[in-house]
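Single-structure report; data block below.
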Protein chains: 2
Amino acid sequence: MKLSTKGRYGLRAILDLAVHGNDEVVALSQIAVRQNISINYLEQLISRLKKAGIVNGIRGAQGGYVLAIPAEEISVGDILRALEGDLDPVDCSELKGDSTCSSSDVCVTKYVWKRISDSINDAVDGIMLSELVNESKKVHEEISIKNSDKASSMC
Amino acid sequence: MKLSTKGRYGLRAILDLAVHGNDEVVALSQIAVRQNISINYLEQLISRLKKAGIVNGIRGAQGGYVLAIPAEEISVGDILRALEGDLDPVDCSELKGDSTCSSSDVCVTKYVWKRISDSINDAVDGIMLSELVNESKKVHEEISIKNSDKASSMC
DNA sequence: TTTAAATCCAAGTGAATTAATAGGAATTAA
DNA sequence: TTAATTCCTATTAATTCACTTGGATTTAAA
């Protein structure tokens, strides 16, 4: 019941992209260095985000990636589902409305899986990328204030 | 982001035990047949539930297992955590209150993991085994009514 | 026009984890 | 004494994960 590195690294990567890309393209190599993730592996992660329409790739020299839509309109749920596939705790066709499961009528545990699935998806859909960007900027401001305090106390 | 067979089979197994054990011990062999799970594998699952104090084992011939506490006092969360380990989406010391993580101050994604973790644990802690037992009995009643209808229409 | 920087893509690989299987020791009711 | 059962540990087959490798393609800039 753990997210893989796809989800963990991928969320860090797109947050990095959103924080550092102010209408400018960001090359994967920069994200790779800042986030300490292999550039080759990052390619695979960003490729999923691209297929999901979350980022756009710009090819060629000086190329890179940009958000395809504003950070206010991208939920963490969109990002994690693009990276990980569905966030359901089990593969159960009932959860997706298929109702082709042969033991559907005697299956009681499906109610449990449904409750877990809904709670996860509601949680991640309620957090927008822009919130994380704001939080991240706040955190970095605090650190630079702390550092300037330290510097001034040294004078 | 999937539960393993430990959680899925294990929940079915203890639900079977709760439904069929009315103050009587239930042998693993019976659960294994009804739930179509290898008895050897079931042993490993039930052993985790035993260590967590959820079931008691009674050794020897005519032995088996019983719930260690009433089904009303056992949450699905207790069961799944006993079987799977913690239900957190990532291994993050902050989530467990350790606060020894070196990148804690610049880590923004931890808020996401915390929200997911809380929502999962709240969901499973809000379902008691007794509810599943009731649901299961209801389902089986409905099936037997359906069958008696069928039988009477054949007369 | 060449070159270097970048995305894009598919296949391969080693390590780790999962899902069992196997075999036997210990216990106990009949 | 026997058969049924829990209890415990080790092994194994299959799968998944987390990358790595090796290119092909595109494009800005020299």
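All chains are named by letter (A, B, ...) in the order of the sequence lines, taking the proteins before the strands, and each is independently numbered beginning at 1. Atoms considered below: every heavy atom in the structure, side chains included; atoms not considered: hydrogens, waters and symmetry mates.
Evaluation of the side chain to side chain contact (heavy atoms under 4.5 Å, CB included) rule for B:Ser93 yields B:Asp98, B:Thr100, B:Cys101 as partners, not counting sequence neighbours. Here B:Ala52 pairs with B:Ile54, B:Ala82 under the side chain to side chain contact (heavy atoms under 4.5 Å, CB included) rule; sequence neighbours left out. Partners of B:Lys137 according to the salt bridge (Lys or Arg N to Asp or Glu O under 4.0 Å) rule, which considers only residues two or more places apart in sequence or in another chain, do not exist here.
A straight line from CG of A:Leu17 to C1' of C:dT7 spans 14 Å, rounded to a whole angstrom. Between B:Leu3 atom CG and C:dA19 atom P there is a gap of 10 Å when expressed in whole angstrom units. Atom pair A:Ile46:CD1 and C:dT7:P shows a separation of 9 Å (rounding to whole Å applied). Rounded to an integer number of Å, the gap from A:Tyr41 OH to C:dT13 P is 18 Å. We find that NZ of B:Lys50 is positioned 17 Å from P of D:dT5, with the value rounded to whole Å. In this entry the distance linking CG of A:Leu83 with C1' of D:dC17 reads 15 Å, nearest Å. Atom CG of A:Leu49 and atom P of C:dC8 are 12 Å apart (whole Å). Per the geometry, CG belonging to B:Leu42 stands 13 Å off P belonging to D:dC7, to the nearest Å.
Looking at B:Asp122, its side chain never comes within 3.5 Å of a backbone N or O of B:Ser119 through a donor-acceptor pair. The backbone N or O of A:Met128 sits nowhere less than 3.5 Å from a side-chain atom of A:Glu72 that would complete a donor-acceptor pair. Judged by distance alone, the side chain of B:Arg12 and the main-chain N or O of B:Gln35 form a donor-acceptor pair under 3.5 Å.
Under 4.0 angstrom from either OP1 or OP2 of D:dT16 there lies no side-chain N or O belonging to A:Ser4.
For DNA chain C, the neighbouring residues in residues 21-39 of chain A, judged by any heavy atom under 4.0 Å, are A:Ala27, A:Leu28. Using a 4.0 Å cut-off on heavy atoms, the residues of residues 5-15 of chain A that approach DNA chain D are A:Thr5, A:Tyr9, listed by number.
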*Which nucleotides of nucleotides 21-30 of chain D have their base under 4.0 Å from a protein heavy atom (B), which only their sugar-phosphate (S), and which neither (-), written as one string 5' to 3'?*
B---BBBB--
*Please assess B:Met1 against A:Ile120 for the test side chain to side chain contact (heavy atoms under 4.5 Å, CB included), listing each intermediate value before the final yes or no.*
CA-CA 10 Å; B:Met1 197 58 179; A:Ile120 293 173; 4.0 Å; yes
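Electrostatic pairing of A:Lys138 and A:Glu141 does not count as a salt bridge here, judged by no charged N lying under 4.0 Å from a carboxylate O. Salt bridge B:Lys2/A:Asp86: present, at least one basic N to carboxylate O contact under 4.0 Å.
Taking a pair to require two hydrogen-bonding distances under 3.5 Å in either a Watson-Crick or a G-U wobble arrangement, D:dA29 pairs with C:dT2.
B:Ile127 contributes atom CD1, which lies 9.0 Å from atom CG of B:Leu11 (distance to the nearest 0.5 angstrom).
A 4.5 Å side-chain heavy-atom check between B:Arg81 and B:Val124 finds at least one atom pair inside the cut-off.
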